[in-house]
Engineer: 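Starting off with a structure, shown below.
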Amino acid sequence: MREGKVRAAYAVDCYGAAPAALKMAFGNGFGINFIEKLRLVDLFKNAMGDLLVEMSPDDLVAVSDAEGFDWHVVGTVTGKENAVFSWRGARIPLEEMLAAWKRPLEKVFPSKS
């Protein structure tokens, strides 16, 4: 992180990597393509204390050579022009996810007055 190799990071909570990635995407407007070998339970398992980190592939190589890191690639970030969440062929646009996430909060914290 001090070397500027981490583009974005999020402290994962008990809900897992998928919700963490979703919250990161809401803030940045990007999507994510989760790798297919991940099981659904892997995306939502308690990962309290883990960090979800966005890095370039080149910088990831440098980390892979470092000692003391237990890490796994969970996916790749997609651009704003293709802001979708995808996993094993399922694709959900970021706008749709954001609307569903905001819906229950709208009555309590209206976004429009």
Side-chain angles (χ1 to χ4, degrees):
M1 287 182 154
R2 287 187 206 129
E3 294 173 10
K5 295 180 180 185
V6 173
R7 293 179 181 167
Y10 188 89
V12 182
D13 56 23
C14 63
Y15 300 109
L22 183 63
K23 291 172 191 171
M24 290 174 77
F26 289 160
N28 297 320
F30 296 112
I32 187 166
N33 181 18
F34 290 102
I35 60 173
E36 290 196 14
K37 76 175 187 177
L38 288 174
R39 300 171 303 156
L40 192 60
V41 69
D42 296 329
L43 293 171
F44 291 94
K45 72 179 177 186
N46 183 343
M48 187 83 69
D50 288 356
L51 289 175
L52 185 62
V53 176
E54 178 190 353
M55 299 178 75
S56 75
D58 293 336
D59 290 334
L60 184 61
V61 170
V63 171
S64 67
D65 294 336
E67 295 286 326
F69 287 100
D70 180 20
W71 59 273
H72 307 278
V73 173
V74 296
T76 56
V77 175
T78 63
K80 291 184 178 188
E81 68 284 347
N82 188 25
V84 299
F85 272 68
S86 63
W87 174 72
R88 295 187 180 179
R91 298 172 52 85
I92 304 172
L94 181 64
E95 291 175 3
E96 219 175 285
M97 300 280 280
L98 181 58
W101 185 69
K102 287 171 49 176
R103 195 171 300 118
L105 302 173
E106 194 62 36
K107 290 180 184 176
V108 180
F109 303 107
S111 59
K112 296 177 185 168
S113 60

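Positions are given from 1, in the same order as the sequence printed here.
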Engineer: For Leu52 and Ala17, work out which heavy atoms get closest and say how close.
Structural biologist: CD2-O, 3.8 Å

Engineer: Report yes if some heavy atom in the side chain of Thr78 is under 4.5 Å from a heavy atom in the side chain of Ile32; otherwise report no.
Structural biologist: no

Engineer: I'd like to know if the side chain of Asn28 and the backbone of Phe30 have a donor-acceptor N/O pair within less than 3.5 Å.
Structural biologist: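 Pair absent, no side-chain N/O of Asn28 close to backbone of Phe30.
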
Engineer: Return yes if a side-chain donor-acceptor contact under 3.5 Å exists between Asn33 and Ser86, otherwise no.
Structural biologist: yes

Engineer: Between Tyr15 and Leu22, is there a shared hydrophobic cluster once you connect ILVMFWY residues whose side-chain heavy atoms come closer than 4.5 Å?
Structural biologist: no

Engineer: If you look at every heavy atom in Pro104 and Ala100, which pair is closest and at what distance?
Structural biologist: CD-O, 3.3 Å

Engineer: Indicate the atoms forming the closest heavy-atom contact of Ala83 with Gly29, along with that distance.
Structural biologist: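 The answer is CB-O, 3.5 Å.
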
Engineer: Can you tell me how far apart CG (Asp50) and CH2 (Trp71) are? Round to the nearest 0.5 Å.
Structural biologist: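 Spacing of CG (Asp50) from CH2 (Trp71) equals 14.0 Å.
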
Engineer: Hey, does the side chain of Arg88 reach the backbone of Leu38 with a donor-acceptor pair shorter than 3.5 angstrom?
Structural biologist: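 Yes, Arg88 side chain to Leu38 backbone: donor-acceptor pair under 3.5 Å.
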
Engineer: Enumerate the ring-ring contact (aromatic ring centres under 6.0 Å, His included) contacts for residues 91-113, please, sequence neighbours excluded, ordered by first and then second residue.
Structural biologist: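 Non-adjacent pairs meeting ring-ring contact (aromatic ring centres under 6.0 Å, His included): Phe26-Trp101.
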
Engineer: Ignoring hydrogens and geometry, is there a side-chain-to-backbone donor-acceptor pair from Glu54 to Val77 under 3.5 Å?
Structural biologist: no

Engineer: Between Lys5 and Ser56, is there a side-chain heavy-atom distance shorter than 4.5 Å?
Structural biologist: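 The answer is no, as the side chains (C-beta and beyond) never meet within the 4.5 Å cut-off.
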
Engineer: Between atom CG of Asp59 and atom CZ of Arg7, what is the distance when rounded to the nearest 0.5 Å?
Structural biologist: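 Those atoms lie 7.5 Å apart.
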
Engineer: Is the shortest side-chain heavy-atom distance between Leu40 and Trp87 below 4.5 Å?
Structural biologist: yes

Engineer: Under a single-linkage definition using a 4.5 Å side-chain heavy-atom cutoff for Ile, Leu, Val, Met, Phe, Trp and Tyr, are Val74 and Tyr10 assigned to the same hydrophobic cluster?
Structural biologist: yes

Engineer: Are Phe34 and Met24 co-members of a hydrophobic cluster defined by side-chain heavy atoms under 4.5 Å apart?
Structural biologist: yes

Engineer: Quick one: do Met48 and Leu51 end up in the same hydrophobic cluster if we chain Ile, Leu, Val, Met, Phe, Trp and Tyr together by side-chain heavy atoms under 4.5 Å apart?
Structural biologist: no

Engineer: Tell me whether Lys23 at atom NZ has more than 12 heavy atoms from other residues, nucleotides or ligands lying less than 6.0 Å away.
Structural biologist: yes

Engineer: Applying a strict under-4.5 Å side-chain criterion to I, L, V, M, F, W and Y, I'd like to know whether Leu98 and Val84 cluster together.
Structural biologist: no

Engineer: May I ask you to check whether over 12 heavy atoms, not counting those of Glu95, lie within 6.0 Å of atom CD?
Structural biologist: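 No, the 6.0 Å shell around CD holds no more than 12 heavy atoms from other groups.
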
